[in-house]
Amino acid sequence: MTLQEWFAMQHELDRYIEREHGLHGEELFEKKILALLVELGELANETRCFKFWSKKPPSSHEAILEEFVDGVHFILSLGLELGFSDRDIDLVSQEANEDLDRGFLKIFRLVNDFRQSKDAADFEELFRQYIILGQSLGFMLDDVQEAYKKKNEVNFKRQQNGY
Ligand SMILES: O=c1ccn([C@H]2C[C@H](O)[C@@H](COP(=O)(O)O)O2)c(=O)[nH]1
């Protein structure tokens with residue numbers, strides 16, 4: 001899937017949600033920023049990477065991947081809000097974070113930087129670093145795109161079922 005196809009899938013879902021909830025023209029940027037921060041917290045919780053006080057293991061690889069792609073939805077959606085969907089962002093890298101906690105904290109900071117600046121370069125850096133966080137969790141870009149497609153479909157069904 002190309003990046004343009006990825007944005008197009010998100011665009012369809014966002015438009016469906018907006019129609020379903022009568023939100024056409026509503027300012028959703030800040031809500032989507034908050035939603036992304038919440039998803040990041042949920043993702044960190046599933047990995048349990050920061051829970052030095054607990055011996056419980058992390059959630060399954062699948063559960064963590066599903067949380068991860070929730071975040072991808074909101075990143076794409078934020079890019080669409082600001083008209084960045086035609087940008088050529090190179091998401092392919094071999095990088096991974098050496099320390100997961102710091103990887104998460106970096107994304108929280110990048111989300112806030114992007115919230116303030118609404119700048120294309122900050123958006124691209126956020127998207128790239130989020131993909132690198134995924135690689136640190138063991139997800140290659142292809143896994144992420146496949147899981148995204150599945151969750152996108154689930155999101156449509158949820159809307160159709162009165163979520
Ligand atoms: O405008 C929106 C609003 C929500 N979602 C998707 C992203 C996540 O996959 C899911 C979040 O749903 P919860 O399970 O957190 O309610 O909804 C979008 O793609 N676009």
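First listed ligand is number 1; within each ligand, the first listed atom is number 1. As a basis for the values below, the full set of heavy atoms in this structure was taken, side chains included, without hydrogen atoms, waters or symmetry mates.
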Practice prompt. For this output row, return yes or no: ring centroids of Phe50 and Phe104 closer than 6.0 angstrom.
Written response: no
Worksheet item: In the protein, what heavy atom is nearest to atom 1 (O) of ligand 1, and what distance, to one decimal place, separates them?
Response: Asp14 OD1, 3.5 Å
Discussion item. Counting non-hydrogen protein atoms only, what is the nearest one to atom 7 (C) of ligand 1? Give residue, atom name and distance.
Written reply: His73 CB, 3.3 Å
Worksheet entry | Aromatic ring proximity Phe114/Phe127, centre distance under 6.0 Å | no
Item to complete: Could you find the nearest protein heavy atom to atom 6 (C) of ligand 1 and give me its residue, atom name and distance?
Response: Asn155 ND2, 3.7 Å
Practice prompt. Salt-bridge test for Glu153 and Lys149: reply yes if a basic N is under 4.0 Å from a carboxylate O, no otherwise.
Written response: no
Worksheet item: If you measure from the Lys or Arg side-chain nitrogens to the Asp or Glu carboxylate oxygens, is any gap between Glu30 and Arg115 under 4.0 Å?
Response: yes
Worksheet, complete the sentence: One finds that the ligand 1 atoms under 4.0 Å from a non-hydrogen atom of Tyr163 are 13 (P), 14 (O), 16 (O)
Discussion item. Can you check which of Asp70, Val69, Ile75 brings a heavy atom nearest to atom 8 (C) of ligand 1?
Written reply: Asp70
Worksheet, complete the sentence: Under 4.0 Å from one or more heavy atoms of Lys32, ligand 1 contributes atoms 1 (O)
Discussion item. If the cut-off is 4.0 Å to any non-hydrogen atom of Gln10, which atoms of ligand 1 fall inside it?
Written reply: 18 (C), 19 (O), 20 (N)
Fill in: Pair Asp101 + Lys106, salt bridge at N-O below 4.0 Å
no
Worksheet item: Can you find an N/O atom of Glu42 closer than 3.5 Å to an N/O atom of ligand 1?
Response: no
Worksheet item: When you look at Asp88 and Glu124, which way does the side chain to side chain contact (heavy atoms under 4.5 Å, CB included) test go after all the steps?
Response: CA-CA 9 Å; Asp88 189 22; Glu124 290 179 21; over 6 Å; no
Item to complete: For ligand 1, note which part of Arg158 has a heavy atom under 4.0 Å away: side chain, backbone, both or neither.
Response: side chain
Worksheet entry | Region of Glu39 that comes within reach of ligand 1 [heavy atoms, distance under 4.0 Å] | side chain
